[in-house]
Amino acid sequence: MSSDRRKPFPFDVFEPQWQAYWEENATFRVANPGEPGFDPSRPKYYVLDMFPYPSGAGLHVGHPEGYTATDIIGRFKRMNGYNVLHPMGWDSFGLPAEQYAIKTGQHPAVTTAQNVARFKAQLKKIGFGYDWSREIATSDPDYYQWTQWIFLKLYNTWFNPATHKAEPIATYTGPDPDHVRLAYVSEAPVNWCPELGTVLANEEVIDGKSEVGGFPVERRPMRQWMLRITAFAQRLIDELEGLDWPTSIKLLQQNWIGRSEGAEVHFKLADGEQQLTVFTTRPDTLFGATYMVVAPEHRIVDQITTEEQWPQVREYREKTARKSDLERTELAKEKSGVFTGAYAINPVNGEKIPIWVADYVLLGYGTGAIMAVPAHDERDFEFATKFGLPINVVVQAPGKSAEESRGFCEHGTAINSGFLDGLPTAEAKAKMGAWLEERRLGKLSINFKLRDWLFSRQRYWGEPFPIVWENGQHRAISESELPLTPPDLADFKPTGTPEPPLSKATDWVRYSETATRELNTMPQWAGSCWYYLRYCDPTNRERFVSEAAERYWMGGGKPGGVDLYVGGTEHAVLHLLYARFWHKVLFDLGYVSTPEPFQRLVNQGLIMGEDGQKMSKSRGNVVNPDDVIAEYGADALRLYEMFMGPLEQSKPWSMTGVEGVSRFLARVWRLVMQENQAGEWEMGPLSAEAALDKSQLRVVHATIKKVGEDIEALSFNTAIAQMMVYVNTFTGITPRPVTALRTLLILLNPFAPHLTEELWMRLGSKFAGFERLAADQPWPKYDAALLVEDEIEVPIQVNGKVRDRLVVSKDADKSTLEAAALASPKVQEFTSGKEIKKIVVVPGKLVNIVAV
RNA sequence: GCCGAUGUGGCGAAAUGGCAGACGCACCGGACUUAAAAUCCGUUGGGAUUCACCUCCCGUGCCGGUUCGAGUCCGGCCAUCGGCACCA
């Protein structure tokens, strides 16, 4: 890289100067309601980036893509008279810092601070207009004090099914509040990862391996903190509706929550008083249930398995327990299972049907037991075929015989089903539901795939729980004891057992004579669940956010508070779902004023390497923004990131493309400046008097219109293309009309803030109308009257093919156009000998003559 | 298997149902220069015809439909990418 090569414009000189200016003058600082400098007459605009985890690797060119987009929007809104909240911070708790600490013995707080400093310096070099006075870090005690405070709210809150809302636990009148808290303790089997020395959420396990590091994960029962997100499942689906999110992301969340309508059905066991409850989406097929299956881990297996079958059942259970999730899915091709020896009675026809154990039934979904209808369910069919169980057809496919309907899993007509016979599936479901309910054999019900959120981690570098244990009971510590800081540890190594590293700090663990502290820490998701609220009032010591600040920045009459949220698709489900959940709890409790956190969501696409592959160290195709800035400048980096293509699309990096936009910026520079004999830059031939001709005026106003509209639509690439047209229009003109330059600098300012401020200042030294900063100017207005051309070229088509073009007045009416078209010799050539059937005239657009 | 997104020149891309390829890259040609770089101007989807101008034909993954007119709308397929995946 020839960084000492002569620069096409001196960005290396003026970019750092402007960055320093913005910092010294706090140009992008925005005041809160009640603070000096706050202008209540302006509307608010809250534009947010997904804050980064400050890794040791520094920024790569993927980061600035979304950040540049929000920066352009923020600066644009500011020029349009908004109070713009555009903050940045750090998701700074997390596993990599802790693993680095284990390797090197350096405290995670130290490495985190270093990484944050590096990230911040890199971001500043790109010239983003963040309000740095609002910077936050989730690992900062002033911040996580409130993360812990929100946890206490969750702990002291329950979901009232009657009001469909979260309410203070005091309103719960049942026997044991511990059973309904939104934060509760569970002994359920969890994903234990020995390598990482921690348990993981279901969402952090991919194909039986940890998402971080790809280590094997096994299931074992442990005492864990859970958050009752499932209580909000329905609302998390319903309240997506009012949000301006991509439909694909809404669908992703809906599928993740996985609502299905069906029925619970109670099956009495053939022997004894017990019953087995199943969930089914097809209660209409109950007459076809020929056997039942329970998950191997299901508690009832111990009670119902006959002595004769016990050895086989036990062996099967042990085998499936040993299998990791990965093996379980890998072996899914072949169904397996064992008969328990027990039978149940089908409530609808009194038939005795066998109960099997099989790992294709999952303990965590529904009731962990199913009724098998092999004729109309693929999995049951496969299983029944393998083990020779009966297959009874009870739904007839449209246009097929009963025998042909075997294996038909869609909606049809009930047959062989007693009182349901002849009913279409939907009606049969409803009738069966009523029938079951009448006899107390079951009821229609709704099930969700979503599970409660496993909220504890056996880690050091995370928020400690504000909980102590006494006599086997948990209780919350007082809010006045927050923040609860983790102890200073010298040894961060996992204990090798599920005992968390905090257990090593014996003094810290001992809370009182009789009480000890909770040893788990919160997952990384916790801090990012509410950071957008803290930005509104980041230094408040009395409250997580003041009411006034929250109401102003998060309000606005829409369901979501943040006006625009930009980030990667990788957070489409987890982060966005968790944050919505917390927000709803805070909303129900009256702490925030909207039911949703994020009104408009946009996912930026991945930036690939020049080879079209995903950027990765191992491929050696990673582009470092620092190198790009050194060679082409921050403005070129920003502009290229936006010029590559639509924001949402993934696209490959191209250094020659960067060179292209860099050339464009150099042309802008040379519109104002020129090189003298000595090779120094001086102002070129400019004229404050020169008037623009009609076509130049049209370009100016068309550009004002297009750039403004395109920024609103986040179509930055076409906005830049239009500004290139603008520059090309004026490049050949001497002297350059200053008025046209002035407009250009304002339009280009959000994209290339350094260059435009520099030229703005230089022009201001010689011409009037360049007060303050370019960034302080109001966004220009366009005159629609100047956009229309007097004479337009209209294509004349014959049978849909362009045969001629005529220049006519823009107001030419239908008959004029028609006559002109028919008079065209070219048209006559193509219509001669044919009959003109029809003439389509769209005034101002085209003429199409249909001739046969 | 299910859900979603995408498919347009050599490349990144653009186009309220109305002139496909704006803008940029790359290539080629010209000007400037002793020369090169930089800069400025111009050409460039494919094919046929022509000395040339002109002109014509084909062309937005594939097949079909709606329409005076389809990259755009509808139906069916194919490919690539992303997500979910025994969810009863």
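In what follows, chains carry the letters A, B, and so on, assigned in the order in which the sequence lines appear, proteins first and then strands, with residues in each chain numbered from 1. Bear in mind the structure is a predicted one, so any value in this text is a computation, not a measurement.
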Taken to the nearest whole Å, CE/A:Met724 to C1'/B:G24 is 5 Å
query = Under 3.5 Å, is there an N or O donor on one side and an acceptor on the other linking the side chain of A:Lys335 and the base of B:C86?
reply = yes
Atom CH2 of A:Trp245 and atom C1' of B:G4 are separated, to the nearest Å, by 16 Å
Regarding the side chain of A:Lys449, the nearest nucleotide among B:C56, B:C84, B:G12 is B:C84
Across the strands shown, which category fits A:Arg667 at heavy-atom distances under 4.0 angstrom: base, sugar-phosphate, nothing?
sugar-phosphate
- Item | Over 12 foreign heavy atoms within 6.0 Å of CD, A:Gln613 | yes
- Task: Classify the nucleic acid contact of A:Gly660 as base, sugar-phosphate or nothing, counting any heavy atom under 4.0 Å across all strands shown.
- Result: sugar-phosphate
- Task: Check every strand shown and say whether A:Leu251 touches a base, only sugar-phosphate, or nothing at a heavy-atom separation below 4.0 Å.
- Result: sugar-phosphate
message = Within the 4.0 Å heavy-atom criterion, would you say A:Asn728 contacts the bases, only the backbone, or no part of the nucleic acid?
response = sugar-phosphate
Exercise. Which part of the nucleic acid, if any, lies within reach of A:Pro646 when heavy atoms closer than 4.0 Å are counted: base, sugar-phosphate only, or nothing?
Worked result: sugar-phosphate
- Task: Could you tell me whether A:Tyr291 and A:Phe387 have their ring centroids closer than 6.0 angstrom?
- Result: no
- Please work out if A:Gln722 contacts a base, only the sugar-phosphate, or nothing of the nucleic acid, heavy-atom cut-off 4.0 Å. nothing
